[in-house]
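Everything below concerns the one structure shown next.
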Amino acid sequence: MEERILPIGIQDFEDLRNRGCVYVDKTQQIYNLAHEGKPYFLSRPRRFGKSLLLSTFEYYFLGKKDLFKGLAIEKLEKDWIEYPVLKISFGLNSYENNERLKARLNSMVFENEKKFSVKKESDDLAERLANIIRSVYNQTGKQLVILVDEYDKPILDALYSEYEEQNRQLLRSFYSPLKDCDKYIRFLFITGITKVSHINIFSGLNQLDDISLSADYSSICGISESELEEYFLPEIKELANRQEMSLTEVKEKLAQMYDGYHFAHDVEGLYNPFCLLKCFREKDFGSYWFESGTPSFLVKTIQNQPLFLSSLINGKKAREDNFKNYDPDSKNMLPVVYQSGYLTIKGFEKERRIYTLDFPNREVEEGFLNVLLKKFVTLPEDDLGLAIENICQAIEKQNVDQILTIIKAAIADLPTVVKKDMCENYYESVTHLIFRLTGYRVVSELQSIAGRSDVVVTSKDCVYIFELKMDKGHDFEEVANQALAQIDANGYADRFVVSGKALLKIAVVYSSEGKGIVGWKVG
């Protein structure tokens, strides 16, 4: 196969084109955005191509026609007017405190004053930004294009600390000229991972067109199934040869691992571009998104609300307002989890306008559950993977004692992040998490006519029905027998009888004192 250059980690459009990299053409949408409106906001997960998108806008507005040869926009654009472009990016640093943010803002403003030969007339950062915008317009007679990348990083870096509010206030002041100088601005595009409510950041900038959930622009970042076929067939064939798989098998595996993102309902699913390109280069199905670094704000969220995230692992029903905006004054972390890419839209009830959010694919699910579980179990990190593999073997052998002996070791004591009055929720959540990591089909609180079973695990030959109970000072045998009786009385096993699989009904009793599993009994 002729060597093709995959643009892994390349965020500059000019560099990408000059190198002759494979480029998935998004310029039709770029042209539409540039001519339909002016102030836009887009939230997308990390490693999804936001910086490359902004760079493409930059060179388009700079009138670099030669870079767009052969792309859709070449036939659409007739004028190729050059505009002054002002870029603001927070990707270079970390902003755990207010001083770091002030230093970065000062540096960016100074760079643009120097770039556009604008004299510094104030020490106030917002006034200096406004002065740049007005001065460039007066000098050139042209409106500015302003591109803001990773606008929310200073907030996420300081999440849950005393500096979160300070960084938010500083950014709100800095961005204030974007409204006051509207007549001097030709185009404004702001990207980030999360959408922090306008009240807290873009004070007064309520005319921003948020296209994060727009069906028309759902694929402006990421790679769709049709684009995968159009642009990457040579890489798919090469991967199939290396893995000794058929083309159909490879496509199915790629979809299972990296596809499944939906940023609107009833649209084509998207692949994470970073993971897909890494898979093609390495010719192996790795967990590249999580290997590139677990965001610190995810860990902070788990530590701050240890049982919130575990409540999302079975599909979350939510209205758009529940996951569209992150409000720092609210304890609702769903917007952060969704917008970070750990959950995506998997269903939509049109009449009630209720969305179903769930993991986009297997790579994200495994990575997320691993991060979550490591905060909750007592097993050393090195032993966790081995423990999961041993549970898989025990499930295949229908060895209930081995399964629960491993889980008992993993949750021997209540972690310090979980309060004793929360231990029932904790034990149920962690048990479910452990089973989800095995890769078998796992459902919590499966609804039947008479009630809900706690955890159901299905393998090729067997269905395990677990009823989880707290002892609450009662005798183990008494509690275990009650749990088994509940499985029978509520008919939890009835739906599985026709499957022809073995049915195992198991009562698991936990200590209400936070001492882990007391015992188990098979009915």
Side-chain angles (χ1 to χ4, degrees), residues 23-37 39-57 60 71-73 76 147 149-152 187 189-195 208-232 254-255 257-277 289 315-316 318-326 334-350 353-361 363-364:
Y23 174 69
V24 178
D25 190 356
K26 304 290 185 178
T27 59
Q28 169 79 64
Q29 293 168 298
I30 286 171
Y31 177 85
N32 292 344
L33 285 169
H35 289 267
E36 288 173 0
Y40 293 101
F41 173 82
L42 176 72
S43 71
R44 285 293 183 266
R46 65 188 177 92
R47 298 289 195 173
F48 236 87
K50 299 187 296 299
S51 297
L52 178 60
L53 174 65
L54 285 188
S55 178
T56 310
F57 274 121
Y60 166 64
L71 302 180
I73 204 169
L76 296 170
L147 307 173
D149 197 14
E150 297 193 58
Y151 89 98
D152 56 341
F187 185 80
F189 203 95
I190 300 170
T191 74
I193 292 176
T194 61
K195 183 184 178 185
L208 269 180
D209 185 0
D210 182 4
I211 60 171
S212 304
L213 294 174
S214 168
D216 290 340
Y217 297 107
S218 64
S219 64
I220 195 165
C221 292
I223 298 171
S224 68
E225 185 69 38
S226 55
E227 289 170 335
L228 178 68
E229 295 274 356
E230 179 181 356
Y231 291 94
F232 297 103
L254 286 171
M257 288 294 292
Y258 311 122
D259 192 10
Y261 287 93
H262 296 84
F263 300 110
H265 60 85
D266 299 328
V267 295
E268 190 176 9
L270 294 172
Y271 290 80
N272 182 310
F274 176 76
C275 299
L276 199 60
L277 296 179
W289 197 54
K316 177 74 174 177
R319 295 189 183 277
E320 185 176 313
D321 288 345
N322 294 135
F323 64 91
K324 186 175 182 179
N325 297 331
Y326 164 54
L334 185 59
V336 176
V337 181
Y338 164 77
Q339 293 166 6
S340 303
Y342 303 103
L343 298 177
T344 195
I345 297 170
K346 288 294 186 178
F348 181 67
E349 298 174 32
K350 189 173 182 179
R353 299 201 62 81
I354 300 292
Y355 291 82
T356 298
L357 307 179
D358 209 339
F359 297 115
N361 52 51
E363 187 211 9
V364 173

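Residue numbers count from 1 along this sequence. Values below: every heavy atom of this structure, side chains too, minus hydrogens, waters and symmetry copies.
- Residues meeting the salt bridge (charged side-chain N to carboxylate O under 4.0 Å, His left out) test with E320, sequence neighbours left out: K324.
- Here the side chains of L276 and D259 are not in contact, with every heavy-atom distance at 4.5 Å or above.
- Counting only heavy atoms from C-beta outward, the side chains of I345 and L213 approach each other to under 4.5 Å.
- Formation of a donor-acceptor pair under 3.5 Å by the S55 side chain with backbone atoms of S51 is not found in this model.
- In terms of heavy-atom proximity, G341 sits nearest to P45 at CA-CG, 3.5 Å.
- Remark: F274 engages no residue in a ring pair (Phe, Tyr, Trp, His ring centres under 6.0 Å) (not counting sequence neighbours).
- The backbone N or O of E225 sits less than 3.5 Å from a side-chain atom of E268, completing a donor-acceptor pair.
- Looking only at side-chain heavy atoms (C-beta outward), I30 and F189 stay at 4.5 Å or farther from each other.
- Side-chain contact check for V337 versus L357: every heavy-atom pair is 4.5 Å or farther apart.
- For the pair A318 and L334, the tightest heavy-atom approach, listed with the atom from each and the gap, is CB-CD2, 3.8 Å.
- Heavy atoms only, all atoms of each residue included: Y342 and S340 are closest at CE1-CB, 3.3 Å.
- Going from atom CG of D209 over to atom CG of L33 covers 8.5 Å, rounded to the nearest 0.5 Å.
- Contact record, L277 with F232: CD2-CE2, 3.7 Å, taken as the closest heavy-atom pair.
- The ring pair (Phe, Tyr, Trp, His ring centres under 6.0 Å) search around Y31 returns H35, not counting sequence neighbours.
- With sequence neighbours excluded, the residues that form a salt bridge (charged side-chain N to carboxylate O under 4.0 Å, His left out) with E229 are K251.
- Under the ring-ring contact (aromatic ring centres under 6.0 Å, His included) test applied with F48, the options W289, Y271, F263 reduce to a single match, F263.
- Residues meeting the side-chain hydrogen bond (donor to acceptor under 3.5 Å, both in side chains) test with T194, sequence neighbours left out: D152.
- Rounding to the nearest 0.5 Å places CG of N272 at 8.5 Å from CZ of R46.
- Residues passing the salt bridge (charged side-chain N to carboxylate O under 4.0 Å, His left out) test with E227 are K26, sequence neighbours excluded.
- To the nearest 0.5 Å, atom CG of residue L343 and atom OG1 of residue T356 are 11.5 Å apart.
- Every residue two or more places apart in sequence or in another chain was checked for a side-chain hydrogen bond (donor to acceptor under 3.5 Å, both in side chains) with K346, and none qualifies.
- Qualifying side-chain hydrogen bond (donor to acceptor under 3.5 Å, both in side chains) partners for N361, counting only residues two or more places apart in sequence or in other chains: none.
- Y23 places a side-chain heavy atom less than 4.5 Å from the side chain of T56.
- We find the CZ-CG distance between F187 and L147 to be 7.0 Å, quoted to the nearest 0.5 Å.
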Give the table of side-chain donor-acceptor pairs shorter than 3.5 Å for residues 215-223, with sequence neighbours excluded, one pair per line with atom names and distance.
unit_1, atom_1, unit_2, atom_2, d
Y217, OH, E36, OE1, 2.8
S218, OG, A215, O, 3.3
S219, OG, Q29, NE2, 3.4

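- Residues that satisfy the side-chain hydrogen bond (donor to acceptor under 3.5 Å, both in side chains) test with S214, not counting sequence neighbours, are absent from this structure.
- For F323, the ring pair (Phe, Tyr, Trp, His ring centres under 6.0 Å) partners are Y338, Y355, not counting sequence neighbours.
- Taking CG of L71 as the reference point, atom OG1 of T27 lies at 5.0 Å (rounded to 0.5 Å).
- Taking CG of L42 as the start and OG1 of T191 as the end, the distance is 7.0 Å to the nearest 0.5 Å.
- Closest approach of I193 and K50 over heavy atoms only: CG1-NZ, 4.3 Å.
- Scored by the side chain to side chain contact (heavy atoms under 4.5 Å, CB included) test, S43 finds F41, S212, Q339 as partners (sequence neighbours excluded).
- Considering only heavy atoms from C-beta on, I354 comes within 4.5 Å of R319 through its side chain.
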